[in-house]
Amino acid sequence: MHINSVVEKTQKFINLFKILAGLNWGIHPKHLRRLYISIIRSRMDYACFLYDNAAKTHLINLDRVQNMAMRLIGGFVKSTAIHVMESELCLVPLHIRRVYLGSKFLFKSKAFSPSPVYTNIVELNANCQNYYWRSKKLPLLITIYRTFNSYNIHSSSKPEMYNLDTWVNYIDLDSVIMHDIPAIVKSKKKCDTKDIKVICSQFINDKYDNYHKIFTDASKKNEDEGIAFFDPQIGSSIKLKLNLNIPIMSAELIAIAECLSYIKSLGGKNFVILSDSKSALQHIKRCSWGYNGVPIAFVILNILKEFHKTNINVKLQWIPAHIGITGNEIVDKLAKEAIVDGHVINYLPSCSENLYRVKQYCFNLWSEYFNERSRTKGIWYRTVQPCLLQKPWFDNSNMSRSDVITSLRLRSGHFPLNSFAFLMKKVPSPNCSECGTIEDVYHILLECVRNEAERKQIEAALPYCFDFASCNSILASPNSAEAKMLYNMVQKGCKRRM
Ligand SMILES: [Zn+2]
């Protein structure tokens with residue numbers, strides 16, 4: 001019932017998409033893709049993990065909506081394999097999307113204590129232990145519970161931002177957290193690394209002349225994080241290790257928090273923590289504005305508040321990484337070592353930090369699915385694009401809509417030419433009306449007489465031989481100048497067919 005009504009509701013938007021995406025005109029695929037995510041997929045997302053066990057015949061109707069939308073967004077022809085469209089447009093298959101959203105639900109309910117929802121899930125899991133479920137497919141939420149329940153999570157009775165005092169209103173945080181160095185902002189384009197290093201060292205010496213300086217850094221390798229701080233005045237350093245697979249920014253924040261605890265144990269009035277993570281410093285600042293960030297950022301804000309009360313002056317200053325500032329280089333090395341031999345510390349990840357791990361888990365599921373499908377279908381595509389992209393390649397390009405669509409079709413290996421129209425029983429012959437041989441992607445790229453002039457131009461421009469293999473490697477970088485020449489050639493050839 002619910003699925004049918006969702007399909008019905010999305011249908012009118014699909015019809016709208018048909019109007020928005022004409023053959024030679026229409027909205028750019030990147031905008032159409034976003035529109036799909038916000039107005040169609042959002043409707044299918046709602047509570048989707050609850051009906052994952054519904055009959056396949058129903059679920060397939062939802063898949064059809066996404067497939068139809070993908071064809072319209074990318075201008076793909078009917079014969080294009082689904083996993084190819086999903087990969088090109090970076091739209092995750094719905095069954096994996098349900099795993100992600102189910103996990104999000106689980107972690108969100110777990111992040112609040114006490115949580116009646118979470119108690120119910122635990123109870124449901126116990127009920128699913130019995131004989132009946134042994135031969136049946138478990139409800140998705142239970143499978144997710146069993147997969148991720150070992151992940152610890154930071155829980156509280158209210159969002160962290162409500163645990164903050166109003167103190168942030170009367171401390172001028174702009175003078176505590178500095179995520180820029182003014183002189184560098186101005187001269188970054190003109191200077192090389194050496195000059196930046198000089199400017200930077202000069203700046204630190206001038207501004208923090210009588211300050212106790214401490215450097216912090218974090219490093220990540222696969223699923224492990226190392227964090228470290230280094231105090232050149234005392235010559236002491238600390239190496240800590242987390243094996244949680246959390247975002248690098250969180251690790252940088254933990255490094256800063258650990259460093260603040262260290263400062264507490266020292267005597268003195270003026271301290272500056274030098275970190276090369278701009279995003280971490282900006283995150284702390286945003287949290288003070290009421291943005292609900294990771295819990296560790298609020299820990300930092302609370303420690304800063306304590307220091308402010310006791311008149312200890314602590315600043316957080318950003319410095320550029322990898323330009324040869326001695327303290328930064330040392331702490332960078334220490335953080336890398338910490339991944340291997342650091343002292344393991346306990347840290348409870350927040351909901352969003354756990355979701356970072358779930359995202360990777362789902363991406364791996366998708367990759368497995370993609371590899372499996374690529375064995376039988378979309379073999380050409382696999383040679384052009386051997387693994388999944390994190391975001392669509394056309395998102396940040398300035399290519400026109402028709403160029404993007406030509407590229408998507410060429411990359412997928414399915415183009416609306418006679419060989420395809422013949423399969424669809426729209427034309428009597430699969431042959432090119434000009435050349436008399438089969439008209440497919442290979443033909444229009446390398447044989448057709450209609451675009452011979454443009455082909456000659458490409459052959460002259462390329463430093464290597466123009467053949468099917470080089471077409472393949474050109475299409476592997478769809479934003480390159482060579483690829484644009486290729487699109488132009490194919491488009492000219494198609495125009496002359498009319
Ligand atoms: Zn031809």
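Both counts, for ligands and for their atoms, begin at 1 and track the order of listing. These numbers come from the heavy atoms of this one structure, side chains and all, not from hydrogens, waters or symmetry mates.
Pairs passing the salt bridge (charged side-chain N to carboxylate O under 4.0 Å, His left out) check and including a residue from residues 34-53, sequence neighbours excluded, read Arg34-Asp395, Asp45-Arg97, Asp52-Arg98, Asp52-Lys137.
The ring-ring contact (aromatic ring centres under 6.0 Å, His included) check on Phe466 picks up nothing, with sequence neighbours excluded. The side-chain contact (heavy atoms from CB on, under 4.5 Å) check on Ile27 picks up Leu20, His31, Leu32, with sequence neighbours excluded.
A side-chain N or O of Lys110 and one of Asn149 form a donor-acceptor pair less than 3.5 Å apart. No donor-acceptor contact under 3.5 angstrom links the side chains of Ser275 and Ser277, judged on distance only. Side-chain atoms of Asn451 and Arg496 form no donor-acceptor pair, as typed in the model, at a separation below 3.5 Å.
Protein atoms of type N/O/S that fall under 2.8 Å from the Zn ion (ligand 1) number 4 in this view.
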